[in-house]
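First listed ligand is number 1; within each ligand, the first listed atom is number 1. Computed from a prediction, not measured in an experiment: that's the story for all the values here.
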Amino acid sequence: MMSNQDTIKVIAEKVRQKLDGEGSGHDWWHIYRVWKMAQHIGKEENTDMFVVELTALLHDIADWKFHNGDDTVGPKVASKILSEHGVPENIIVHVCEIISTMAFKGAGVKSEVRTLEGKVVQDADRLDAVGAIGVARTFAYGGHKGREIYNPEQKPVMHQTKEAYIKGEGPTINHFYEKLLLLKDRMNTETAKRLAEGRHQFMKEYLDRFFQEWEGNI
Ligand code: ADP
Ligand code: NI
């Protein structure tokens, strides 16, 4: 029998091999940061850290956005990896439930996770979407998709369905209004709320400078 720590190590290595070098901001180092942040937040809460760590490692293994909006692929791939490594069925079910419910799917779409473990990983993932890293990832994603940086003639859209959200092709700056600036008020845990505050302020300052530079004011 492998210890939980060994299982985590082996799965981390597998995820690293699969996501190394990915170019849309969902690469191994995103997973690494979410994993470390989930450990940090999880320690402040009374959580099952095995579930938290496995979910953090596997949450983007097959992202729905890259599978035509099919949100069943991610849990399926995760489930296969977990059973290949002898993880007990009840833990697999829990991890997969979190993976299928945690993603952001539009400003007007609910994405509530049921368990504390899910709330911890969702917070960790969302913290990596905001702040300085959030800015970098967002432009990386926009470039990956061939989007414009900004176009003042295209206004942000508050998507009310996941279908509308995934179809959105607006300029990258719009994503700040369609998602990133909304995350601060959607954090679950106190630790994440605190961290989100500083990252939110930084993004606001960034956007303020962006629009001033756009008009040649500074
Ligand atoms: P989450 O992991 O928060 O459920 P995603 O995987 O959709 O959400 O998003 C992770 C990051 O990918 C976003 O925070 C952003 O940096 C980038 N991203 C996703 N969709 C877009 C988009 N339409 N435009 C620009 N960046 C995006
Ligand atoms: Ni993620």
(message) Less than 4.0 angstrom from a charged side-chain N to a carboxylate O is my criterion; do Asp185 and Lys193 meet it?
(response) no
(message) So that I can check it, does any N, O or S atom in His59 come closer than 2.8 Å to the Ni ion (ligand 2)?
(response) yes
(message) Please give the atom name: the N, O or S atom of Asp125 nearest to the Ni ion (ligand 2).
(response) OD1
(request) Using modelled atom types only, decide if a donor and an acceptor are shared between the side chain of Lys162 and the backbone of His159 within a distance under 3.5 Å. (result) no
(request) For ligand 1, would you mind listing the residues that have at least one heavy atom less than 4.0 Å away, ordered by chain and number? (result) His26, Asp63, Lys65, Ala103, Phe104, Asp125, Ala129, Arg137, Thr138, Tyr141, Arg147, His175, Lys179, Leu180
(request) Measure the spacing between NE2 of His40 and OG1 of Thr189 and express it to the nearest 0.5 Å. (result) 9.0 Å
(message) Distance alone, cut at 3.5 Å: any donor-acceptor contact between the side chains of Thr55 and Glu53?
(response) no
(message) Looking at Lys80 and Glu84, is there a salt bridge between them, counting it only when a charged N and a carboxylate O are closer than 4.0 Å?
(response) yes
(message) Could you check whether Lys18 makes a cation-pi contact with Trp28, meaning its NZ or CZ is under 6.0 Å from the centre of the six-membered ring and within 45° of the ring axis?
(response) no
(message) Could you check, using the six-membered ring where one of them is a Trp, whether His144 and His26 have ring centers closer than 6.0 angstrom?
(response) no
(message) Checking one value in my table: which N/O/S atom of Asp60 lies closest to the Ni ion (ligand 2)?
(response) OD2
